[in-house]
Amino acid sequence: PAPSLLEVFASIVARLAASPAVGEEVPRVLETLREAVDADECTLWLDGPNGRIRAGEARRAALRGPRLATVEMQAIV
């Protein structure tokens, strides 16, 4: 059986906690999350002093190329 979403999040947190270079883990984390929720795309946006920036993304291979539309989902942590 597929892992639960909670198990996926626990795995991601453990991976980030064990990594000396969190930035290098972001692409793999986004791909893991995208696959877990069966999404076409998973993007990490960060708010900073100069506005919001795209910090990373994972997309299905079939969708690589120009974007036609974007649907945004935000989580407040």
Side-chain angles (χ1 to χ4, degrees):
S4 71
L5 193 51
L6 185 57
E7 291 170 321
V8 171
F9 282 130
S11 170
I12 288 170
V13 169
R15 189 183 322 168
L16 291 174
S19 177
V22 172
E24 293 176 11
E25 290 294 323
V26 170
R28 288 183 290 277
V29 165
L30 293 174
E31 184 61 26
T32 299
L33 184 55
R34 186 198 66 72
E35 289 175 353
V37 297
D38 194 30
D40 290 336
E41 179 179 348
C42 182
T43 305
L44 175 62
W45 293 92
L46 299 176
D47 285 324
N50 296 321
R52 187 176 292 178
I53 61 165
R54 184 184 343 221
E57 75 175 0
R59 300 174 79 196
R60 288 190 197 276
L63 296 178
R64 297 209 171 106
R67 281 191 172 68
L68 298 178
T70 299
V71 175
E72 184 175 320
M73 178 177 76
Q74 294 182 347
I76 299 174
V77 180

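We use all heavy atoms of the structure for the numbers below, so side chains are in, but hydrogens, waters and symmetry mates are not. These numbers were taken from a predicted model, which means no experiment stands behind them.
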With sequence neighbours excluded, tell me which residues meet side chain to side chain donor-acceptor pair (under 3.5 Å) with Asn50. none
Contacts of Ala55 meeting side-chain contact (heavy atoms from CB on, under 4.5 Å) (sequence neighbours excluded), chain-then-number -> Leu44, Leu46
Would Arg34 and Arg60 satisfy side chain to side chain contact (heavy atoms under 4.5 Å, CB included), going step by step from the backbone distance to the final call? CA-CA 9 Å; Arg34 186 198 66 72; Arg60 288 190 197 276; 3.2 Å; yes
Hits for side-chain contact (heavy atoms from CB on, under 4.5 Å) against Glu7, two or more places apart or cross-chain, chain-then-number order -> Pro3, Ser4
Could you list the cluster mates of Phe9? Members are the ILVMFWY residues connected by side-chain heavy atoms closer than 4.5 Å, either directly or through other members. Leu5, Val8, Ile12, Leu16, Val22, Val29, Leu33, Val37
Going by side chain to side chain donor-acceptor pair (under 3.5 Å), name the pairs with one or both residues in residues 9-27, residues two or more places apart or in two chains. Arg15-Thr32, Glu25-Arg28
So, taking the atom named CG in Leu30 and the one named CD in Glu41, what distance separates them when rounded to the nearest 0.5 Å? 10.0 Å
